[in-house]
Peer 1: 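To start, I am sharing the structure in question, which I have written as structure tokens.
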Amino acid sequence: MNDDSLKREIEEALAVEPSPEFSSRVRQRIADQRAKRSARWPWKVWAPALAMAVVAIAVLLYRPAQGPAPVQPERIAVAAPPEVPVPVPAPKPPSPSTLKAPSKAPALKKALLEPEVLIDPRETAAFRSFLNGIQQQRIDPSILEALFEAAEKSRSAAIETMPVAGLEPIVIPPVTVPEKEGGSL
Amino acid sequence: MNEYSEWLAGTDTVMNQDLDREFEVQLLDFSRLAFRVAYGVVRHREDAEDIAQESLTKAYRSLHMLRERDRFRAWLVRITWRLAIDHQRSAKRRINWEATTPDVPPTHDASETLVLRERSARLWTAIDALPEKLRIVTVLAGIEEHDLRQVGLLLDLPEGTVKSRLFLARQRLRELLS
């Protein structure tokens, strides 16, 4: 068997045509795919919406539970209450139980007394309005760049030292308590 | 937001329409190529049609991701070849592959049909015995009058490599068929 006859034989073996309905079946299947694709919501629309939702959730999470901005209470002139001397309890000797095992109460108390980290609702509101401004194109982000540059320049400017007024050191004379005659306190 | 989504949808639609048109124009050519590549592996008309359909659908689904459009034929050939090989492997597990005979068009003479069928079966057994690298070159060179350059383009191989592989393949086939 020479090269040409082998080649011809392979070509003949592969010269098979698909059935007549094959083409229409392929077209149908492609059309189905096309319909599926067009029905699908484009992900490019979802991505920015999702990003905005994440930002909104983050902002809401950092919002304090109180809600509205705290109002500074007005100071009303009230007469100072009479001072009542607070009795100082005499120090007691430590009981054996307290010496044995130190309680965890002070640590817990300390943790409770530490200030809670809160963000001022006004700051949150300002940040949200800033984000809304950018989204609604009320704020031009290119202006911000110029503002940042100006702030950077002012920060890097040389700090001038203010002249300190020359003050004489305050001299406090030693306190002397005059002794009362024959009496005690 | 609405404007943005409309704009995106618009660009997407325009791109898809262009791709769809391009695909539609060449669908007949693509489907025949995919069918023949699949047939070159499975040698069963219905199975080859199923595989070709599957590969065309797969290719269409990922068409928008293809950067070089002129590489589509090569891409389709590779997808089809892979699917056909997978199908053949699973079919080998399922049925006794040796018992199947390739499709041979019936002739007037029954004995002639039998001889043709036998020859075809021998040829395909020899092709199956080739390593995959030589086998794909043999099949692609045997369909649609592909020359060495076209086979090279389809397989992303230099023409010289295709030539040497085809030479080796035919040499082995001759040995197996003699």
Side-chain angles (χ1 to χ4, degrees), chain A residues 1-57 128-129 131-141, chain B residues 1-2 4-9 11-13 16 20 23-24 27-28 30-32 34-40 43 45-46 48-50 52-54 56-58 60-61 64 102-105 116 119-120 123-124 126-127 138-145 166-167 169-171 173-174 177-178:
Chain A
M1 185 183 274
N2 64 17
D3 212 30
D4 282 340
S5 64
L6 180 63
K7 190 182 166 190
R8 210 177 313 116
E9 202 168 329
I10 294 169
E11 279 175 0
E12 278 171 15
L14 284 164
V16 182
E17 287 293 329
S19 59
E21 62 268 22
F22 171 64
S23 183
S24 58
R25 273 194 291 159
V26 169
R27 276 180 202 284
Q28 182 59 46
R29 202 151 163 189
I30 296 296
D32 288 350
Q33 281 294 318
R34 207 172 285 161
K36 268 187 204 168
R37 199 176 63 182
S38 61
R40 216 167 41 209
W41 188 258
W43 67 271
K44 287 174 186 175
V45 177
W46 275 106
L50 189 69
M52 279 197 283
V54 167
V55 169
I57 287 167
R128 288 177 74 186
S129 113
L131 285 177
N132 286 335
I134 288 180
Q135 281 165 6
Q136 291 162 9
Q137 296 178 345
R138 280 189 285 108
I139 299 170
D140 184 7
Chain B
M1 185 70 189
N2 273 341
Y4 177 64
S5 59
E6 277 166 18
W7 174 77
L8 276 176
T11 50
D12 208 27
T13 312
N16 287 341
D20 284 357
F23 195 80
E24 189 72 31
L27 187 59
L28 194 67
F30 290 156
S31 54
R32 193 188 291 135
F35 169 78
R36 285 185 171 170
V37 169
Y39 186 84
R43 271 119 47 215
R45 198 187 291 268
E46 282 80 24
E49 284 184 2
D50 287 347
Q53 266 190 66
E54 183 64 35
L56 280 161
T57 314
K58 229 175 189 178
Y60 176 76
R61 225 183 286 145
H64 62 282
D103 293 335
V104 171
L116 276 175
R119 266 179 61 190
S120 181
L123 176 67
W124 282 117
I127 291 173
T138 309
V139 170
L140 290 180
I143 55 175
E144 306 202 353
E145 297 170 347
L166 199 57
F167 174 77
R170 284 177 183 162
Q171 198 178 26
L173 284 175
R174 272 199 302 274
L177 291 170
S178 61

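Bear in mind the structure is a predicted one, so any value in this text is a computation, not a measurement. Convention: sequence-line order gives letters A, B, ...; per-chain numbering from 1.
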Peer 1: With a 4.5 angstrom heavy-atom cut-off, could you sort out which part of A:Arg27 is near chain B: side chain, backbone, both or neither?
Peer 2: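 Both backbone and side chain.
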Peer 1: Could you tell me if the side chain of B:Arg61 sits less than 4.5 Å from the side chain of B:Thr57, heavy atoms only?
Peer 2: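 Side-chain contact under 4.5 Å: yes.
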Peer 1: Quick check for you: among B:Gly142, B:Ala34, B:Ala141, which has the greatest number of heavy-atom pairs under 4.5 Å with chain A?
Peer 2: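 Option with the greatest count: B:Gly142.
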Peer 1: Flag the one option from A:Arg25, A:Arg8, A:Lys7, A:Arg29 with the top tally of heavy-atom pairs under 4.5 Å to chain B.
Peer 2: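 Highest number of pairs under 4.5 Å: A:Arg29.
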Peer 1: Does A:Gln137 have more than 12 heavy atoms from other residues, nucleotides or ligands lying within 6.0 Å of its CD?
Peer 2: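 Incorrect, the count does not exceed 12.
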Peer 1: Taking side chain as everything from C-beta outward and backbone as N, CA, C, O, which of these in A:Glu17 sits under 4.5 Å from a heavy atom of chain B? Side chain, backbone, both or neither.
Peer 2: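 When you check distances to chain B, atoms from both the backbone and side chain of A:Glu17 fall under 4.5 Å.
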Peer 1: Using a 4.5 Å cut-off on heavy atoms from C-beta on, say whether the side chain of B:Leu177 contacts that of B:Leu123.
Peer 2: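 Yes, close enough: below the 4.5 Å cut-off.
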Peer 1: So for B:Leu27, is it side chain, backbone, both, or neither that comes closer than 4.5 Å to the heavy atoms of chain A?
Peer 2: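 Contact with chain A is through the side chain of B:Leu27 alone.
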Peer 1: Based on non-hydrogen pairs under 4.5 Å, which of A:Ile30, A:Val26, A:Ile10 is most in contact with chain B?
Peer 2: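 Result: the option with the highest number of such pairs is A:Ile30.
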Peer 1: Just say parallel, tilted or perpendicular for the rings of A:Phe22 and B:Phe35, cut-offs at 30° and 60°.
Peer 2: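 A:Phe22 and B:Phe35: tilted rings.
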Peer 1: Would you say B:Glu49's side chain and A:Ser19's backbone share a donor-acceptor pair under 3.5 angstrom?
Peer 2: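 Indeed, once roles are kept as given, a pair shorter than 3.5 Å links the two residues.
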